[in-house]
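Structure first, then comments.
Note that the structure is predicted; figures quoted are calculated from it, not measured.
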Amino acid sequence: TEQPIDPSVPLVKDGVLTAAGTVVQNLGIEQYQSGLDALAMQTWLPLAEQGHGESQHNMGVMLSKGDKGIPINNALALSWYERAAANGYDQSMLDLGFAYFNGTSLGIVKPDLIKSVMWLQKCADVGNTICESTLGQLQVSGDEKIRNIEAGLAMLQRAAGKEDPQANSALGLMYLHGTNYPQDFDRAYTLFKKAIDRNPQAEDALFNLGVMYEEGYGRPIDIKKAVTYYSYASLNGKAEANNNLGMLYRNGHTEKEKQS
């Protein structure tokens with residue numbers, strides 16, 4: 001499909017789509033949803049070249065995946081991600097943060113924790129809650145070269161204030177074990193519950209509620225509830241929940257049920 005726009009008409013102004021740019025973007029969306037990825041990429045390219053962050057991000061995604069007739073080009077994908085991030089597109093900042101942390105994508109051959117934290121910080125600075133939570137956890141418990149416990153706790157509290165389940169789970173674990181904060185079972189329980197209220201698949205929070213009910217941390221021992229929480233955690237990918245369930249079933253629940 002030919003692009004129904006005069007090439008002399010600006011599509012992006014100050015990083016924002018013009019009316020004509022919106023028409024082009026929607027055309028690309030229709031093409032992409034129809035499985036015409038290469039054509040959608042061609043349609044979005046002028047938007048990306050004129051400085052539209054989301055379109056630049058899309059270029060990076062499509063070039064890194066290489067699906068449906070688009071050859072993989074990690075170097076070019078990385079360049080588009082960086083251009084989108086420089087334009088303030090927070091999803092690109094997040095993806096770059098993970099890419100540099102893992103060192104296994106976008107042609108990045110080894111982890112670079114300093115660059116990872118740099119991008120996550122930029123992302124957190126524009127208010128992305130996932131970045132706030134991820135950065136906070138890295139600063140609290142990550143490698144020494146990026147550890148900054150005070151800053152990390154502040155970042156986690158910021159994300160938790162936005163009801164982020166990952167942040168609430170991480171803080172709950174600290175209160176459960178008395179790490180970085182005084183041990184407080186009630187506070188831990190509240191934070192774990194907040195996490196699963198926001199995301200019923202929050203496996204860490206589900207698992208730790210199971211631990212609290214199994215061990216009687218701030219709650220009466222209740223093996224049935226422990227099994228329920230462990231089961232949900234297991235269904236959502238928490239391997240440790242399988243171990244705890246196995247131990248409970250192997251022991252027939254008997255010893256702890258006598259205490260409940």
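When atom types are taken as modelled, the side chain of Q50 and the backbone of L11 share a donor-acceptor pair closer than 3.5 angstrom. One N or O on the side chain of T22 and one on the backbone of T18 form a donor-acceptor pair closer than 3.5 Å. Between the side chain of K162 and the main chain of G127, a donor-acceptor pair closer than 3.5 Å is present. Side chain of N208 to main chain of D204: a donor-acceptor pair is present (N/O by atom type, distance under 3.5 Å, no hydrogens or angles).
Hydrophobic clustering of Ile, Leu, Val, Met, Phe, Trp and Tyr side chains at less than 4.5 Å, counting indirect connections, keeps L76 apart from L78. No single ILVMFWY cluster, assembled from side-chain heavy atoms under 4.5 Å apart, contains both L94 and W80. In terms of hydrophobic clustering, with Ile, Leu, Val, Met, Phe, Trp and Tyr side chains grouped at heavy-atom distances under 4.5 Å, L27 and V16 are assigned to different clusters. Linking Ile, Leu, Val, Met, Phe, Trp and Tyr residues whenever their side-chain heavy atoms come within less than 4.5 Å leaves M174 and V211 in two separate clusters. Placement of L153 and I130 in two distinct hydrophobic clusters is found when ILVMFWY residues are connected by side-chain heavy-atom separations under 4.5 Å, directly or transitively.
Taking CG of L245 as the reference point, atom CD of E214 lies at 9.0 Å (rounded to 0.5 Å). Expressed to the nearest 0.5 Å, how far SG of C123 lies from OH of Y89 amounts to 11.0 Å. To the nearest 0.5 Å, atoms CD (E30) and CG (L39) are separated by 11.0 Å. Of the inter-residue distances, the one linking L45 atom CG with Q56 atom CD reads 10.5 Å to the nearest 0.5 angstrom. With values rounded to the nearest 0.5 angstrom, T179 atom OG1 is found 11.5 Å from L171 atom CG. Residue M118 holds its CE atom at 8.0 Å from CG of L96, rounded to the nearest 0.5 Å.
At a threshold of 4.5 Å between non-hydrogen side-chain atoms, the residues L248 and V227 count as touching. For the pair L17 and Q25, the minimum side-chain heavy-atom distance is below 4.5 Å. The shortest distance between side-chain heavy atoms of F101 and T134 does not fall below 4.5 Å. M62 is listed as a side-chain neighbour of Y32, based on a closest heavy-atom distance under 4.5 Å. Side-chain contact between M41 and L63 is present, with at least one heavy-atom pair separated by less than 4.5 Å. Counting heavy atoms from C-beta on, the side chains of H57 and Y81 come closer than 4.5 Å. Put simply, the side chain of F192 reaches to within 4.5 Å of the side chain of L176, judged on heavy atoms.
D125 and Q121 share a donor-acceptor pair across their side chains, judged by distance under 3.5 Å alone.
Contact detail for A85 and S92: the closest heavy-atom pair is N-CB, 3.8 Å. Here the closest non-hydrogen pair linking A99 and I108 is CB-CD1, 3.8 Å. When every heavy atom of A205 is checked against every heavy atom of I196, the shortest pair comes out as CB-CG2, 3.7 Å. When all heavy atoms are compared, the tightest approach of C131 to A124 is CB-N, 3.7 Å. For H52 against S55, the heavy-atom pair with the smallest separation is ND1-OG, 2.7 Å. Between N87 and G53, the shortest heavy-atom distance links the atoms CB-CA, 4.5 Å.
For the pairing with Q31, the side chain to side chain contact (heavy atoms under 4.5 Å, CB included) check across L36, N26, D37 returns one residue only, L36.
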Does the pair D164 and S133 meet the rule for a side chain to side chain donor-acceptor pair (under 3.5 Å), with working shown?
CA-CA 8 Å; D164 178 71; S133 179; 3.1 Å; yes
Checking side chain to side chain donor-acceptor pair (under 3.5 Å) for the pair E54/N58: CA distance, chi angles, key distance, verdict?
CA-CA 6 Å; E54 182 182 355; N58 290 340; 4.5 Å; no
Could you walk me through whether F98 and T104 satisfy the side-chain contact (heavy atoms from CB on, under 4.5 Å) test, starting with their C-alpha distance in whole Å, then the side-chain angles of each, then the deciding distance to 0.1 Å, before giving a yes or no?
CA-CA 9 Å; F98 282 131; T104 56; over 6 Å; no
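Comment: E132 engages R158 in a salt bridge, judged by a side-chain N to carboxylate O separation of less than 4.0 angstrom.
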Side chains of residues 109-117: which donor-acceptor pairs under 3.5 Å do they make with residues two or more places apart or in other chains?
residue, atom, partner, partner atom, Å
D112, OD1, I114, N, 3.3
D112, OD1, K115, N, 3.1
S116, OG, G97, O, 2.7

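Checked against a 6.0 Å centroid threshold, the rings of Y230 and F207 count as neighbours.
For Y232, the OH atom counts as loosely surrounded, since its 6.0 Å shell holds 12 or fewer non-hydrogen atoms of other residues, nucleotides or ligands. Other residues, nucleotides and ligands place more than 12 heavy atoms under 6.0 Å from the NZ atom of K238.
Taking the six-membered ring for Trp and thresholds of 30 and 60 degrees, Y189 and Y213 have ring planes more than 60 degrees apart, a perpendicular arrangement. The aromatic rings of Y217 and F185 sit parallel, their planes meeting at an angle under 30°, below the 60° perpendicular limit.
Within the structure, side chain to side chain donor-acceptor pair (under 3.5 Å) pairs that include any residue of residues 138-157 comprise Q157-Y181 (at least two apart or interchain).
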